[in-house]
Amino acid sequence: MKTLIVPLVGLAVVFVGLVVVIAIVKLMGIICGLVTGRRTKATVSIPSSGTEAEKTVADGTAHKLTGESRRELIAVISAAIAETIGTDAAGLRIKSIKKIG
């Protein structure tokens, strides 16, 4: 019986320690949120030349890309082009994106 007490106490101590660490992290998150005012993400509209970029999903429906999604798409495309031509992505300037096919 005494041989089971040591592992059980060890597991209990570890479990309680993890719960305490989780509580501390959540408390720090709440405090930091109150201090910084928990700013929401700013939405930046990107002007387009007549039409919005569209993303076709696997089921065939089209969704408009605006703001952050459009910037992410441009970043991915520029990174792929830079990797293909062997240059830095910061030196590229993408003027327009047209869907083909």
Side-chain angles (χ1 to χ4, degrees):
M1 183 68 181
K2 287 186 177 186
T3 58
L4 289 178
I5 292 176
V6 173
L8 291 176
V9 169
L11 285 172
V13 168
V14 169
F15 181 72
V16 170
L18 288 174
V19 170
V20 169
V21 168
I22 291 171
I24 290 172
V25 168
K26 286 190 180 216
L27 181 64
M28 288 178 62
I30 291 171
I31 291 171
C32 290
L34 292 174
V35 169
T36 61
R38 229 178 238 209
R39 294 178 233 156
T40 58
K41 292 182 181 178
T43 56
V44 178
S45 61
I46 299 174
S48 63
S49 58
T51 60
E52 292 289 331
E54 292 185 355
K55 178 176 88 170
T56 303
V57 187
D59 63 355
T61 60
H63 298 283
K64 298 207 180 278
L65 289 177
T66 57
E68 187 66 29
S69 297
R70 185 176 174 113
R71 284 190 296 256
E72 288 176 1
L73 177 65
I74 292 171
V76 168
I77 291 172
S78 62
I81 293 171
E83 183 66 28
T84 301
I85 62 175
T87 186
D88 189 22
L92 297 176
R93 181 174 181 217
I94 297 178
K95 291 185 177 183
S96 67
I97 300 172
K98 295 180 184 176
K99 182 179 176 181
I100 56 173

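Predicted model, so just to flag it, every value in this text is computed and none were measured.
Under the side-chain contact (heavy atoms from CB on, under 4.5 Å) test applied with Leu27, the options Ile24, Val25, Ile31 reduce to a single match, Ile31. Checking Arg71, Glu72, Arg70 one by one against Ile74, the side-chain contact (heavy atoms from CB on, under 4.5 Å) holds for a single residue, Arg70. Screening Leu11, Leu18, Val16 for a side-chain contact (heavy atoms from CB on, under 4.5 Å) with Val14, the sole residue that qualifies is Leu18.
Under the 4.5 Å side-chain heavy-atom criterion for grouping Ile, Leu, Val, Met, Phe, Trp and Tyr, Leu4 is not connected to Val13 through any hydrophobic cluster.
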